[in-house]
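Okay, so here's the structure we're looking at.
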Amino acid sequence: MAILPIIHYPDERLHTHAKPVAAVDDAIRRLISDMAETMYAAPGIGLAATQVDVHQRVIVIDISENRDQLLALVNPVIFKAEGRAEREEGCLSVPGIYEPVIRAARISVNFLNGEGKEVTLDAEGLLGVCIQHEMDHLEGKVFVEYLSRLKQTRIKQKLKKRLRETM
Ligand code: GNR
Ligand code: NI
């Protein structure tokens, strides 16, 4: 297991489109395990491979209180989305920034789990939001892109300033 470095916005690599995983093999299982360790250490409730500069369609999520309900989603596809709901979001790639985003209220998603088995999951609330947020990362999209241009500019300036101050 290993904790992987997380890329921070506005790094260009966060805009990379991830490729489908051909087979859930030992290398993918190692990636899932490293991503889980990275997510738990951060700590966060989700992590997309994009955030650790691996451009394959792999996501880990754990929204449980006890941090013992790991979900691994390989090649996820949302095939149903209903309603709209607003919720405050944060992102490990945009540290310290929390802003409301409107997304589908309920989704149904298809994916392969860590064993390569096909799974269908209905999700709403925090889990639904988290899956949509992580799947955006795989498309090269960061949640701040839903905000106004002005807010995006301010967030970029804030993160760049913070980067300068810690170097
Ligand atoms: O840890 C995280 N918390 C969170 C809170 C509200 C909505 C989405 C998230 S995902 C985030 C981890 C992360 O950046 N995943 O990409
Ligand atoms: Ni994120």
Side-chain angles (χ1 to χ4, degrees), residues 1-21 28 31-78 81-109 111 113-114 121-148 151-152 154-156 158-160 162-163:
M1 299 251 283
I3 293 175
L4 309 169
I6 295 174
I7 302 174
H8 286 176
Y9 182 83
D11 193 309
E12 277 302 307
R13 293 171 292 175
L14 285 172
H15 302 305
T16 311
H17 185 270
K19 292 198 164 61
V21 169
I28 294 296
L31 173 63
I32 289 169
S33 160
D34 288 347
M35 284 174 60
E37 191 179 3
T38 305
M39 170 184 73
Y40 288 128
I45 59 166
L47 189 73
T50 310
Q51 295 175 276
V52 293
D53 203 23
V54 175
H55 302 290
Q56 301 206 63
R57 303 186 83 79
V58 177
I59 290 168
V60 293
I61 292 177
D62 191 341
I63 61 158
S64 72
E65 199 90 10
N66 293 333
R67 318 288 283 150
D68 58 358
Q69 307 278 315
L70 180 67
L71 267 176
L73 294 83
V74 175
N75 297 344
V77 176
I78 293 175
E82 296 172 337
R84 280 155 76 78
E86 189 180 54
R87 203 179 183 104
E88 188 149 288
E89 298 193 16
C91 181
L92 294 172
S93 295
V94 196
I97 307 290
Y98 302 90
E99 292 285 347
V101 176
I102 297 170
R103 297 189 187 270
R106 291 170 301 282
I107 57 165
S108 298
V109 64
F111 59 91
N113 66 14
L121 182 70
D122 299 320
E124 57 183 6
L126 186 58
L127 180 59
V129 168
C130 193
I131 292 171
Q132 293 175 75
H133 175 115
E134 304 312 338
M135 285 181 68
D136 271 353
H137 277 302
L138 301 182
E139 296 302 310
K141 186 161 181 170
V142 181
F143 87 102
V144 296
E145 290 168 50
Y146 290 106
L147 309 177
S148 69
K151 274 193 178 175
Q152 288 183 50
R154 285 181 177 160
I155 290 167
K156 268 183 203 157
K158 197 167 166 179
L159 292 185
K160 282 179 183 165
R162 207 185 290 155
L163 197 63

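Whatever order the structure lists ligands and atoms in, that order sets their numbers, starting from 1. For reference, positions follow the sequence shown, starting with 1.
With ligand atoms numbered from 1 in the order given, ligand 1 contributes 13 (C), 14 (O), 15 (N), 16 (O) to contacts under 4.0 Å with heavy atoms of Gln51. Contact atoms of ligand 1 toward Glu88: 6 (C) (distance under 4.0 Å to a heavy atom of the residue). The contact set between ligand 1 and Cys91, taken as ligand atoms under 4.0 Å from a residue heavy atom, comprises 14 (O). Close approach to Gly44 involves these atoms of ligand 1, each under 4.0 Å from a residue heavy atom: 1 (O).
With hydrogens left out, the protein atom closest to atom 12 (C) of ligand 1 is Gly46 O, 3.1 Å, a heavy atom. Protein heavy atom closest to atom 10 (S) of ligand 1, with residue, atom name and distance, is Glu134 OE2, 3.6 Å. With hydrogens left out, the protein atom closest to atom 5 (C) of ligand 1 is Gly90 N, 3.8 Å, a heavy atom. The nearest heavy-atom contact from the protein to atom 2 (C) of ligand 1 is Ile45 CG1, 3.5 Å. Closest to atom 14 (O) of ligand 1, if we only count protein heavy atoms, is Leu92 N, 2.8 Å.
Residue-to-ligand polar distances keep Ala48 apart from ligand 1: every N/O pair is separated by 3.5 Å or more. Ligand 1 has no nitrogen or oxygen under 3.5 angstrom from a nitrogen or oxygen of Pro43.
Counting only distance, with no hydrogens or angles, the side chain of Glu37 and the backbone of Asp34 share no donor-acceptor pair below 3.5 Å. In this structure, the side chain of Asn75 engages the main chain of Val21 through a donor-acceptor pair within 3.5 Å. Judged by distance alone, with hydrogens and angles left aside, the side-chain atoms of Gln152 form a donor-acceptor pair with the main-chain N or O of Leu147 at under 3.5 Å. In this structure, the side chain of Asp62 engages the main chain of Asp68 through a donor-acceptor pair within 3.5 Å. Between the side chain of Gln132 and the backbone N or O of Ala104 there is at least one donor-acceptor pair closer than 3.5 Å. In terms of modelled atom types and a separation under 3.5 Å, the side chain of Arg162 and the main chain of Pro95 share a donor-acceptor contact. Under the 3.5 Å distance criterion, the side-chain polar atoms of Ser93 are left unmatched by any main-chain donor or acceptor of Gln51.
Contact check on Glu124 versus Arg106 returns no salt bridge, with no Lys/Arg side-chain nitrogen under 4.0 Å from an Asp/Glu carboxylate oxygen. Residues Glu139 and Arg57 are paired through a salt bridge, judged by an N-O separation under 4.0 Å between the basic side chain and the carboxylate.
Annotation for Glu82: atom CD counts as buried by contact number, over 12 foreign heavy atoms lying within 6.0 Å. More than 12 heavy-atom neighbours from other residues, nucleotides or ligands sit within 6.0 angstrom of CZ on Arg67.
Cation-pi check for Lys151 over Tyr146 is not met; the charged atom does not lie both under 6.0 angstrom from the ring centroid and within 45 degrees of its normal.
In the candidate list Arg87, His137, Glu89, Glu89 is nearest to atom 6 (C) of ligand 1, counting heavy atoms.
At a cut-off of 2.8 Å, measuring from the Ni ion (ligand 2), the protein N, O or S atoms that fall short of it are Cys91 SG, His133 NE2, His137 NE2, waters left aside.
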